[in-house]
A.B. asks: 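Okay, here's the structure, questions in a sec.
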Amino acid sequence: MTPHFLARASGSRSRTLRSLTSVIGVLVLMTASAFPVAAKSYGEWRTPVPVTEVNSTAADGCPIESPNGKQLFIASTRPGGFGKNDIWVANRKNKHEAFGPMQNLGSAINTADQEFCPTPLGGGWLLFVSDRPACGATPGMTPPVGDIYITRQRHDGSFTAPQHLGCAADGTGPNLAGGEFGPSLVETSCGTYLYFSSTGSSGNPDIYRSRLGDDGRYEAPQPVTELNSSAVDQMPNVSANGREVVFASSRGGNMDIWTATLNSSTGLWSTPVPVDAVNTAEPESRPSLSRDGKRLYFGRGVVSDIYVSTRSGD
């Protein structure tokens, strides 16, 4: 049964909010059953290898697996898209096979501006970031300054019109006036949370967390203090069980991948440490964990390629 949410608005804005809150209500049900809480034990990350079948001569980044492991979503500037940076997807039959050719998600999602940081949620739902005008940001900036949107793939393969998650300034959602990156949705015993990074009002990327309220709206985002530093901290990805986070940070002098674990008794993240097995002198960006926690995807290089590291686990 889908929860009922009240949208405190009127006219066309009310209809938009009712539509959005019904979407979020479905996500609550989906995440409540999708995120286990049991801890797992894993081995060390192995030396990463390029995902050669999906890389191109263009910039390929923001990699993330679908929950079932059969799709890999990326952002890419490769030819054949609709704008400066588009979202693409590759498919495979199972987790042990190579991915097939990249396919553009189409004009329902991709625009003449920048689309990036896709985050598949299962059930056809997809979070992503776009720098189309919203929340006071200027479109077309470099690096892109975007907001978080949600869409869903229909049975015929097409996508619904993307819905903006709302602006923090007017109390309708998590998006700040700065640029958002790397949305990651997780269900915990304390509620449903959307993690992401944003330049906020300071211009320095930090990691934020927004709780899904009882009215179906995301509450004002709060910085995750224990994960942030005076350097760049961005693009967080929280594991399916909510106990592990990976993100990109320049706190070590280079843009590398860092990780932390959640203390379930305090609700605080541990002091972040670098993932030494995957970090190099080149910049690493937008890491993401597979649902089973055994694969770590990320971008590497100034003109980025996609890499994956694996580890054993129970």
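For clarity, every value in this text was computed on a predicted model and none was experimentally measured.
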A.B. asks: Please determine whether a side-chain nitrogen of the Lys or Arg among D292 and K95 lies less than 4.0 Å from a carboxylate oxygen of the Asp or Glu.
C.D. replies: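 Judged by the 4.0 Å cut-off on N to carboxylate O distance, D292 and K95 do form a salt bridge.
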
A.B. asks: L289 and R311: which non-hydrogen atoms are nearest, and at how many Å?
C.D. replies: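 Reported closest heavy-atom pair: CD2-NH2, 4.4 Å.
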
A.B. asks: Is it the case that the side chains of R209 and Y193 hold a donor-acceptor pair, with the cut-off being a distance below 3.5 Å and no angle test?
C.D. replies: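 There is no such pair between these side chains.
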
A.B. asks: How far does OG of S198 sit from CG of L176, to the nearest 0.5 angstrom?
C.D. replies: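 So the OG of S198 and the CG of L176 are separated by 4.0 Å.
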
A.B. asks: Between D276 and N279, is there a donor-acceptor pair closer than 3.5 Å when you use the side chain of the first and the backbone of the second?
C.D. replies: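 Flag not set: sc D276 to bb N279 has no pair under 3.5 Å.
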
A.B. asks: Flag the pair E65 and R291 as a salt bridge only when some basic side-chain nitrogen lies within less than 4.0 angstrom of an acidic carboxylate oxygen.
C.D. replies: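 Answer for the salt bridge query: no.
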
A.B. asks: Hydrophobic side-chain clustering at under 4.5 Å (ILVMFWY, transitive links): who's grouped with I87? Put none if nobody.
C.D. replies: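 Besides I87, the hydrophobic cluster comprises I64, F73, V89, L105, I109, L126, F128, Y149, F159, listed by chain and residue number.
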
A.B. asks: Does S309 use its side chain to pair, donor to acceptor, with the backbone of R46 at less than 3.5 Å?
C.D. replies: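 Confirmed, S309 side chain pairs with R46 backbone.
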
A.B. asks: With no hydrogens and no angle check, is any side-chain donor or acceptor of N110 less than 3.5 Å from a backbone partner on F82?
C.D. replies: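 No, N110 side chain to F82 backbone: no donor-acceptor pair under 3.5 Å.
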
A.B. asks: Just by modelled atom types, is the S76 backbone N or O under 3.5 Å from a matching donor or acceptor in the D86 side chain?
C.D. replies: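 No.
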
A.B. asks: Using only the SG atoms, establish whether C117 and C62 come within less than 2.5 Å of one another.
C.D. replies: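 Judged by the SG atoms alone, which are 2.5 Å or more apart, C62 and C117 are not bridged.
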
A.B. asks: Quick one: hydrophobic cluster around V232, which other residues, with the 4.5 Å side-chain cut-off, linked directly or via members?
C.D. replies: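 The other cluster members (ILVMFWY side chains, heavy atoms under 4.5 Å, direct or chained) are M255.
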
A.B. asks: Mind checking whether V245 and Y195 have side chains closer than 4.5 Å, heavy atoms only?
C.D. replies: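 Counting from C-beta outward, V245 and Y195 never come under 4.5 Å.
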
A.B. asks: Determine the minimum heavy-atom distance between A260 and L227, stating which atoms define it.
C.D. replies: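 Reported closest heavy-atom pair: CB-CD2, 3.8 Å.
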
A.B. asks: Applying side chain to side chain donor-acceptor pair (under 3.5 Å), run through D60 and S304 and close with a yes or a no.
C.D. replies: CA-CA 5 Å; D60 302 309; S304 179; over 6 Å; no

A.B. asks: For the pair N228 (side chain) and P223 (backbone), establish whether a donor and an acceptor sit closer than 3.5 Å, ignoring hydrogens and angles.
C.D. replies: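 Side chain of N228 to backbone of P223, a donor-acceptor pair under 3.5 Å: no, none is there.
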
A.B. asks: Kindly say whether N55 contributes a backbone atom to a donor-acceptor pair with the side chain of R78 at under 3.5 angstrom?
C.D. replies: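 No.
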
A.B. asks: Drop me the distance from Y307's OH to I257's CD1, to the nearest 0.5 angstrom.
C.D. replies: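 It comes to 12.0 Å.
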
A.B. asks: Under 3.5 Å, is there a donor-acceptor pair between the side chain of S290 and the main chain of K294?
C.D. replies: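 A pair under 3.5 Å: yes.
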
A.B. asks: Give a yes or no on whether the backbone of R152 and the side-chain of T160 come within a donor-acceptor separation of less than 3.5 Å.
C.D. replies: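 A pair under 3.5 Å: yes.
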
A.B. asks: Any salt bridge linking E115 with K84? Criterion: basic side-chain nitrogen under 4.0 Å from a carboxylate oxygen.
C.D. replies: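 Looking at K84 together with E115, the answer is no, because their closest N to O distance does not fall below 4.0 Å.
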
A.B. asks: For the side chain of R92 and the backbone of G69, is there at least one donor-acceptor N/O pair under 3.5 Å apart?
C.D. replies: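 Between the backbone of G69 and the side chain of R92 there is a qualifying donor-acceptor contact (under 3.5 Å).
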
A.B. asks: Where the side chain of S184 meets the backbone of V238, is there a donor-acceptor pair that is under 3.5 Å apart?
C.D. replies: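 Confirmed, S184 side chain pairs with V238 backbone.
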
